[in-house]
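Basis for what follows: all heavy atoms, side chains included, without hydrogens, waters or symmetry-related copies. Numbering of ligands and ligand atoms starts at 1, following listing order.
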Amino acid sequence: MAGFYTHITTSSILGVAVGAFGAWHFQFDWGIACLAAGLTALGGMLPDLDSDSGIPVRELFGVAGFLIPLLLFERLRAFNLTPEQFLVVLAGAYLFVRYGVSEMFRRITVHRGMYHSVPAMIIAGLAVFLMHRPDQAIVGEELQKRLYLAVGVMIGFLSHLVLDEIYAVDLMGVVPKLNQFAGSAVKLKSDSWIATGITYSILAGLGYLAWISTGSPTWAQAYQQTISPMSSARSSVK
Ligand SMILES: [Zn+2]
């Protein structure tokens, strides 16, 4: 299987590409472009949150504990907290994610379980789509930005799954053979129907929230809102 540094190098390179694409093609400001680049790089590490040990994993929970409250910044601001209260909330969220959530993960997840799967990738994308400034309706330009960030994290995530699969092929022999992890990364379900069920329930729940937050569009409207602005943005660049 691919190591931590292979994953982070690949997803960081993809992150730079995603950021550059957003800045040049969609003319997003540097804030959105850099955020997308960072999310893409982070996406490449996310699937290995399920491994029980190792500094990278602890590091990741540290990063997540720091990033999640920041991404919820707009929502927190609605509570009119004083700067001191805001700091306390940030510190509390950090400790909760870094120690509470990571301990929960350690107990319930199986390495190379549903965390290494296509639905988990879509969940990561939907979570990013919904997390960043959840107070406003996701339409028009906002929708385009959200999709861009969500696609970024999913590209990083996918690079991880694909790398894990590639490294499952043993190229030492003349005929490539598959090692024990083959087929365990890019997959739609796992052996545990409970894990599979929970994953798809979360996917359905977040999908529903995303659908509501964009004004419950029909398929035709969703196509109009998502594909059309992008193609018009593309033609205006030319
Ligand atoms: Zn992995």
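- Look at H7 and the Zn ion (ligand 1): no N/O/S atom of the residue is under 2.8 Å from the metal.
- Taking the Zn ion (ligand 1) as reference, the nearest N/O/S atom within H116 carries the name NE2.
- The name of the N, O or S atom in D164 nearest to the Zn ion (ligand 1) is OD2.
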Checklist entry - So V118 and L158, side-chain contact (heavy atoms from CB on, under 4.5 Å) or not? Walk me through it. => result CA-CA 8 Å; V118 174; L158 185 64; 5.7 Å; no
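- Between E165 and L161 there is no side-chain heavy-atom pair separated by less than 4.5 Å.
- Checked against the 6.0 Å centroid threshold, F21 and F26 count as a close aromatic pair.
- Distances from the Zn ion (ligand 1) to each N, O or S atom of D48 single out OD1 as the nearest.
- By the side chain to side chain contact (heavy atoms under 4.5 Å, CB included) test, S201 is found to be paired with no residue, residues two or more places apart in sequence or in another chain being considered.
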